[in-house]
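Here is the structure we will look at, set down as structure tokens.
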Amino acid sequence: MKLDQSVFVGAPDWVEWVSTDFDGEAWFHEIKPSAPNDRIWIVAKGGRIKFAGVFDATNWQNSLIRRNAEEVSK
């Protein structure tokens with residue numbers, strides 16, 4: 001399963017970004033994380049919480065998506 005706007009449904013209000021790591025584990029982010037290193041996205045500060053589910057890790061370095069409030073509210 002690939003990340004899309006549906007992952008934001010029911011997410012806390014502070015969540016603005018979501019990404020997957022090399023192993024497909026997905027993470028919510030309060031602020032935009034830095035470019036990924038060899039296995040994970042780098043988070044300097046801000047909320048980060050793992051959520052249930054594993055997603056497609058293919059091309060995980062480009063998995064970062066931003067919440068689109070209009071799509072999520074549909």
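All values below were derived from every heavy atom in this structure, side-chain atoms included, with hydrogens, water molecules and symmetry-related copies excluded. Keep in mind it's a predicted model, so treat the numbers as computed, not measured.
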Requested in this report: Output every pair passing salt bridge (Lys or Arg N to Asp or Glu O under 4.0 Å) with a member in residues 35-44, not counting sequence neighbours, ordered by first then second residue.
Outcome: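 Every candidate salt bridge (Lys or Arg N to Asp or Glu O under 4.0 Å) pair involving residues 35-44 fails, so no pair, neighbours aside, qualifies.
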Indicate the atoms forming the closest heavy-atom contact of [X] with [Y], along with that distance.
| X | Y | answer |
| --- | --- | --- |
| A11 | R67 | CB-NH2, 3.5 Å |
| L64 | W17 | CG-CE3, 3.6 Å |
| G24 | A57 | N-CB, 3.6 Å |
| F8 | V18 | CZ-CG1, 3.6 Å |

Atom [atom1] of [X] and atom [atom2] of [Y]: how far apart are they, to the nearest 0.5 Å?
| X | Y | atom1 | atom2 | result |
| --- | --- | --- | --- | --- |
| D21 | W41 | CG | CH2 | 9.5 Å |
| Q61 | T20 | CD | OG1 | 8.5 Å |
| S19 | R66 | OG | CZ | 14.0 Å |

Query - Pairing residues for K2 by the side-chain contact (heavy atoms from CB on, under 4.5 Å) criterion, not counting sequence neighbours - result: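 Here the qualifying residues are D56.
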Requested in this report: Flag the pair W27 / I40 as yes when at least one side-chain heavy-atom distance between them is below 4.5 Å, and no otherwise.
Outcome: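 When only atoms from C-beta onward are counted, I40 and W27 do not touch, as no gap falls below 4.5 Å.
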Query raised in the report: Do H29 and E16 come within less than 4.5 Å of each other through their side chains, counting heavy atoms only?
Result: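 H29 vs E16: side chains apart.
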